[in-house]
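Here is the structure we will look at, set down as structure tokens.
Chain identifiers are assigned alphabetically (A, B, ...) following the order of the sequence lines, protein sequences preceding nucleic acid strands; residue numbering begins at 1 within each chain.
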Amino acid sequence: MKTKSKLLSAPYTVWMTIFIVLPMLLVAWFALTDRQGNFTLENILSVGQYSNVFLRSIWLGAVATFISLLMGYPLAYLISKMGEKRQSVMVMLVMLPMWMNFLLRTYAWMTLLEDNGLINSALRAMGLPGVHMINTAGAVVLGMVYNYIPYMILPIYSVLTKIDRSVIEAAEDLGANSRQVFLKVVVPMSMPGIISGVTMVFVPAVSTFIISKMLGGGGNLLIGDLIDMQFLGSAYNPNLGSAISLVLMVIILICMGIMNQFDDGEPGEGGVLL
Amino acid sequence: MCGGPRVKKTIDKKRNFSYSVFIAFASEKMAAPEGGGAAYKSGLVPSPRAPLWARSLIFADGDPFQAPGRFARCAFSRAGLCVNNKDTQLLFRKGDAGTLNTILSLQNIAVSYDGEQVLKGFHLDIRDGEFVTLLGPSGCGKTTVLRTIGGFIQPDAGDVFFYGKNITALPPHKREVNTIFQKYALFPHLNVYDNIAFGMRIKGKSEKDIKKTVHEMLAMVNLSGFAHRGVGQLSGGQQQRVAIARALANEPKVLLLDEPLGALDLKLRKDMQVELKKIQQQTGITFVFVTHDQEEALSMSDTVVVMDGGDIQQIGSPTDIYNEPKNAFVADFIGESNILDGVMLEDYQVRFAGHTFPCLDGGFGKNTPVDVVIRPEDIDVVEADSTHITGEVTAVTFKGVHYEIIVDVAGFKWMIQSTDYRGVGDRIGLVLTPDDIHVMGKSEYSGMFGDYSTFSDEMEEDIQAGEGQEDEDEI
């Protein structure tokens with residue numbers, strides 16, 4: 001029995017070793033050596049000079065995550081309250097944008113937000129002054145929220161639908177009005193969904209480079225762009241790029257660790273274990 | 001704000017006589033004295049932990065309005081409370097008790113789900129301090145009645161009265177009733193302590209009071225020391241007790257119990273039956289209990305309400321329901337019954353199974369068709385030649401306490417419970433005394449029950465198992 005299940009997991013174990021564990025070790029190796037392959041801490045130490053980029057990434061990622069939560073939770077809550085048929089239609093609508101290519105979606109936002117884009121043209125047609133939107137931090141956050149909000153809605157929705165109706169009734173029975181039921185029962189019980197939604201939005205948002213490149217212009221450089229530049233760009237320096245990656249990884253782990261403190265108790269269904 | 005006087009009934013087993021506990025809510029000015037818990041624990045006085053403190057006076061049953069003083073003072077000195085004569089006089093005005101006796105009244109209730117009428121013109125009065133059981137097969141509307149009282153169902157028509165006040169439109173959180181749900185419905189994100197404290201925190205009580213009450217409640221349900229366990233770590237029986245403690249901590253006037261013992265195994269269920277009954281007697285809270293288990297209903301209740309098809313078939317004490325069933329449905333649903341077609345020749349003379357028997361029933365008129373109920377345990381088995389009902393044994397089942405014998409008497413199969421063994425194929429005689437015969441009027445259920453020709457234990461178990469399943473889906 002045991003050997004059988006081990007055999008079953010063998011393909012993924014091999015896959016994980018070759019394509020996840022080894023590359024991570026390589027990243028660590030590159031981060032701790034110079035171009036000649038000698039051990040050095042210089043790369044790690046020089047990451048410090050990019051602290052403003054780190055701060056901006058985490059700040060924009062956090063803002064995008066917060067907005068996604070603020071917009072996603074009520075939507076997930078409403079969907080979970082609908083009839084079964086409408087629920088599946090709504091879930092499909094939430095996922096619909098994900099069927100389209102990520103790059104294409106972001107390009108579309110460029111044409112919308114540009115100084116001569118659709119929105120500004122419409123504003124001018126109505127006799128209103130145009131608004132500069134493209135190449136701002138706001139545009140980057142917008143792109144992040146737009147692209148990642150389904151990852152917030154879906155886990156929260158799936159946890160909400162699993163809440164037993166009788167638990168809600170029990171709370172009402174014990175004197176809780178609808179606001180108290182929501183705050184004291186529904187929200188705490190959906191915490192695993194919130195945690196996993198936050199994780200699934202925050203992590204890709206912090207390390208994105210496409211969104212900031214397309215919607216943020218040069219002035220809103222994120223960690224992702226910085227790493228991109230070290231490997232594919234003009235500033236070619238894989239060792240420094242690896243060091244930045246390593247530091248980013250540690251920072252995200254710390255953020256998630258703090259986040260998980262809010263979910264006291266056992267990780268429930270729908271929650272992502274980190 | 002004042003609730004007015006209410007009557008509660010408890011029984012003191014030690015002294016072997018019952019007395020009524022008379023409570024009147026004092027005005028807001030009167031503070032709850034310390035030490036009230038002692039009387040509460042002694043079983044004499046319902047819990048004095050009420051938003052408005054209740055004064056309790058006790059007097060001998062039978063003549064409640066005479067000489068209440070001695071009993072009252074006795075109870076109060078035990079409780080460490082002081083009472084002066086002015087208070088006692090004030091509380092004992094005649095007439096109050098009668099008008100306020102009914103705590104809950106359902107009038108003309110109609111409920112339907114998706115066009116299907118579950119209840120129609122439903123009436124039920126529940127007296128204060130009673131243990132009432134709604135008993136019936138699945139789909140009979142008993143859970144619907146409970147949910148209507150709890151406020152989870154808005155009836156299409158009719159009114160719910162609580163102490164004479166119409167609460168039909170009141171949402172669940174504003175009703176002074178609490179529910180124990182079928183699957184307990186504990187809050188999984190809270191531990192035992194916080195579960196029990198939930199209702200009190202909503203009401204904004206001080207953490208000091210909450211702590212005191214939680215520990216009192218835990219002691220009552222024998223779970224002291226479990227306060228900081230997660231509810232997921234508890235067994236079914238323990239979760240059930242937490243659910244009871246959580247509901248009682250909210251000081252309900254009425255506790256609704258929706259098949260709370262359904263998920264427990266037999267042994268635990270028996271223990272919980274005793275425990276629930278004890279808690280009900282201690283606290284004097286009105287219990288409305290829903291079950292499809294007739295044995296549970298008979299052993300726990302003061303009053304049993306037998307329901308089928310959304311209608312009440314019979315209301316009465318457990319002994320009334322068992323000994324004097326009103327129709328074939330009740331006779332069949334409560335215990336085992338042989339139900340035969342008969343004719344009431346005149347008062348105290350009934351003819352069935354080809355013979356005329358003297359009986360104790362009358363008032364049906366002459367030559368009226370009736371249903372005759374004979375309980376299997378009431379039939380005496382004798383030799384075939386010494387009586388006029390004789391038959392052949394077709395099946396014998398050993399049940400532990402007795403044998404269950406199926407006898408074919410001229411095509412009608414009787415069930416007999418006897419401690420004497422009879423073999424299959426034996427010819428035996430049956431003896432009935434007037435006391436064994438119960439006569440009922442004909443009803444829509446006549447002819448549907450009471451013949452054991454298709455009876456098999458296996459089938460009955462299947463039906464019961466099926467019922468349990470369906471009940472879970474019941475809305």
Side-chain angles (χ1 to χ4, degrees), chain A residues 69 73 76-77 80-86 155-198 259-273, chain B residues 51 143 146-147 149-153 170-191 194-205 228-233 239 242-243 245-252 254-260 472 474-475:
Chain A
L69 180 63
Y73 197 99
Y77 185 71
S80 73
K81 290 248 169 196
M82 290 175 177
E84 248 172 67
K85 272 188 187 163
R86 290 182 76 188
I156 293 175
Y157 159 77
S158 91
V159 170
L160 284 175
T161 50
K162 280 186 198 123
I163 294 180
D164 191 350
R165 174 83 206 133
S166 65
V167 175
I168 310 279
E169 282 183 355
E172 289 173 13
D173 191 71
L174 293 167
N177 59 30
S178 48
R179 208 184 106 249
Q180 288 165 324
V181 170
F182 183 75
L183 292 178
K184 289 184 184 259
V185 178
V186 177
V187 171
M189 280 180 76
S190 56
M191 228 30 211
I194 295 175
I195 301 281
S196 93
V198 165
M259 194 62 213
N260 277 336
Q261 292 307 306
F262 290 107
D263 185 25
D264 45 358
E266 67 272 62
E269 302 131 282
V272 163
L273 265 177
Chain B
T143 300
L146 202 74
R147 292 175 62 81
I149 299 173
F152 300 111
I153 290 176
L170 216 58
H173 70 269
K174 289 189 179 159
R175 296 192 182 196
E176 282 178 275
V177 300
N178 284 118
T179 311
I180 292 175
F181 294 85
Q182 203 168 14
K183 285 177 217 148
Y184 324 134
L186 298 177
F187 303 119
H189 60 290
L190 302 177
N191 64 17
D194 293 331
N195 259 282
I196 299 173
F198 188 91
M200 291 183 279
R201 289 201 173 125
I202 295 278
K203 283 184 183 163
K205 296 217 171 166
H228 298 288
R229 298 269 182 104
V231 293
Q233 296 166 281
Q239 290 191 30
V242 175
R246 182 179 68 174
L248 291 178
N250 231 25
E251 296 163 349
V254 177
L255 189 66
L256 310 174
L257 302 100
D258 186 7
E259 306 217 21
E472 289 180 6
E474 212 169 299
I475 316 161

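- The two residues B:Ala247 and A:Leu174 come nearest to each other via the heavy atoms CA-CD2, 4.4 Å.
- Not counting sequence neighbours, the partners of A:Glu172 by the side-chain contact (heavy atoms from CB on, under 4.5 Å) test are A:Arg165, A:Ile168, A:Val181, B:Phe152, B:Pro172.
- Using a 4.5 Å cut-off between heavy atoms, B:Leu186 touches chain A through its backbone atoms (N, CA, C, O) alone.
- Counting heavy-atom pairs under 4.5 Å between each of B:Val177, B:Asn178, B:Asn250 and chain A puts B:Asn178 at the top.
- With a threshold of 4.5 angstrom between heavy atoms, A:Asn177 approaches chain B through its backbone and through its side chain.
- Atoms CD and NE2, from A:Gln180 and B:His173 in turn, are 7.5 Å apart once rounded to the nearest 0.5 Å.
- Here A:Tyr157 pairs with nothing under the ring pair (Phe, Tyr, Trp, His ring centres under 6.0 Å) rule; sequence neighbours left out.
- Between B:Ile202 and A:Ala176, the shortest heavy-atom distance links the atoms CD1-CB, 3.6 Å.
- Interface check for chain B: of the options A:Val185, A:Asp173, A:Val167, the most heavy-atom pairs under 4.5 Å are formed by A:Asp173.
- Across B:Ala185 and A:Ala170, no two heavy atoms sit closer than the pair O-CB, 3.7 Å.
- Between A:Lys184 and B:Phe187, the closest side-chain pair of non-hydrogen atoms is not below 4.5 Å.
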